[in-house]
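One structure, as C-alpha cells, below. Some questions next.
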Amino acid sequence: MAEDQATAAIETSKVEEKQPQTTEAEAPGVTRTKRIMVAIDESDSSFYALQWVIDHFSTLLLTTEGAEAEGGLLTVVHVQPTFHHFAPFPAGPGATAVYPPSLMIESVKKTQQETSAALLLRALQMCRAKQIRSETLVFEGEAKEMICQAVEQMHVDLLVVGSRGLGKIRRALIGSVSDYCAHHANCPILIVKPPKEITS
C-alpha cells in the first residue's frame with residue numbers, strides 16, 4: 001500500500017514537471033511593452049509622420065511611471081545608405097572600377113554620421129517636448145530592407161512611415177519605401193500622408 005502511494009506520488013510529480021510553463025505574454029495581468037517604430041529621413045514628410053504619432057499616441061507613449069509599466073515605446077529609426085568604395089562604371093578604356101582616396105571615404109562617412117546624428121537629435125527633441133518614451137537607432141544599407149529587418153527582429157507592433165508623394169514614373173523607377181514596407185513588413189503599417197504644402 002505504501003509502495004503504491006509512493007509510486008503515485010512520483011508519477012504525479014512527473015506530470016507536474018511536464019506542465020507547460022506560462023510565458024510572459026500568456027501570464028494574466030502581464031502585458032508586453034508595445035513598440036511603435038517610425039522611420040525618418042531628411043524629408044519633411046517623415047518628420048510630419050513622427051509628429052503625427054506623437055500627437056495621436058501620446059497617451060500610450062508617455063514617460064510617466066504608470067505608462068512605463070503598461071505603456072509603449074517609440075523607436076525612431078534612420079537608415080543611412082552604404083557608401084560604395086568604387087565607381088559603378090568604368091572611368092576610361094580598360095578600366096573596371098575607380099577607387100576614391102581614403103580621405104574622401106572618411107569624409108563621406110563623417111558627413112553621413114553627422115547627418116544621422118542631427119536627424120535623430122531633432123526627433124528626440126520632438127519626443128522629449130511631449131514627454132514621449134523613445135529611443136533612436138541608426139542602420140546602414142538599403143532603407144526599405146533594413147526597416148523590414150528591424151521590424152521583424154525587434155517585434156514591432158506598428159510601423160509608421162511618411163509618404164513622399166512620388167509620381168508614378170519615379171515610383172516605378174526607384175520604388176517607394178512605404179510601398180515596399182506595406183508588402184514586406186511583418187507587422188501592421190501606417191502610412192501618414194502629409195498636407196500638400198509639405199510635399200509640394
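The chain is numbered in sequence order, starting from 1.
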Could you check F47 against L119 for side chain to side chain contact (heavy atoms under 4.5 Å, CB included), going step by step and ending with a plain yes or no?
CA-CA 9 Å; F47 278 91; L119 291 174; 3.8 Å; yes

Can you tell me how far apart CD (Q80) and OG1 (T111) are? Round to the nearest 0.5 Å.
10.5 Å

Taking C-beta and beyond as the side chain, do L61 and S134 meet within less than 4.5 Å on heavy atoms?
no

Distance in Å, C181 SG paired with E145 CD, rounded so as to fall on 0.5 Å steps:
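Output value for this atom pair is 10.0 Å.
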
Over all heavy atoms of both residues, which pair between V79 and G141 is shortest? Give the atoms and the distance, please.
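Result for this residue pair: CG1-O, 3.5 Å.
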
Which value, rounded to the nearest 0.5 Å, describes the distance between H155 atom NE2 and C187 atom SG?
12.0 Å

Taking atom CD1 of I132 and atom CE of M126, what is their separation to the nearest 0.5 Å?
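With rounding to 0.5 Å, CD1 (I132) is 10.5 Å from CE (M126).
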
Just so I know, are the side chains of L74 and F57 near enough to count as touching, which here means a heavy-atom distance under 4.5 Å?
no

For V161 and S178, work out which heavy atoms get closest and say how close.
CG2-CB, 3.8 Å

Supply the atom-to-atom distance K110 NZ to E114 CD, rounded to the nearest 0.5 angstrom.
5.5 Å

When you look at V156 and T75, which way does the side chain to side chain contact (heavy atoms under 4.5 Å, CB included) test go after all the steps?
CA-CA 9 Å; V156 172; T75 301; over 6 Å; no

Tightest non-hydrogen contact, residues L137 and M154, listed as CD1-CE, 3.5 Å

Would you find a donor on one side and an acceptor on the other, under 3.5 Å apart, between the side chain of H78 and the backbone of I40?
yes

Interatomic spacing from CG in N186 to CD in Q149 - rounded to 0.5 Å
12.5 Å

At their closest point, which heavy atom of L60 faces which heavy atom of K34, and how far apart are they?
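It is CD2-CB, 4.4 Å.
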
Closest non-hydrogen contact found for A150 with M37 is CB-CE, 3.9 Å

Can you tell whether the side chains of E135 and R35 come within less than 4.0 Å, N to carboxylate O?
yes

Where the side chain of S46 meets the backbone of D41, is there a donor-acceptor pair that is under 3.5 Å apart?
yes

Can you list the steps and then say if L124 with V76 is a side chain to side chain contact (heavy atoms under 4.5 Å, CB included)?
CA-CA 8 Å; L124 272 180; V76 182; over 6 Å; no

Contact check, side chains of L158 and V53, non-hydrogen atoms, under 4.5 Å
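When only atoms from C-beta onward are counted, V53 and L158 do not touch, as no gap falls below 4.5 Å.
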
Worked check of side chain to side chain contact (heavy atoms under 4.5 Å, CB included) between C148 and H184
CA-CA 7 Å; C148 290; H184 296 86; 3.9 Å; yes

Any side-chain heavy atom of Q131 sitting closer than 4.5 Å to one from S58?
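No; the side chains remain at least 4.5 Å from each other.
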
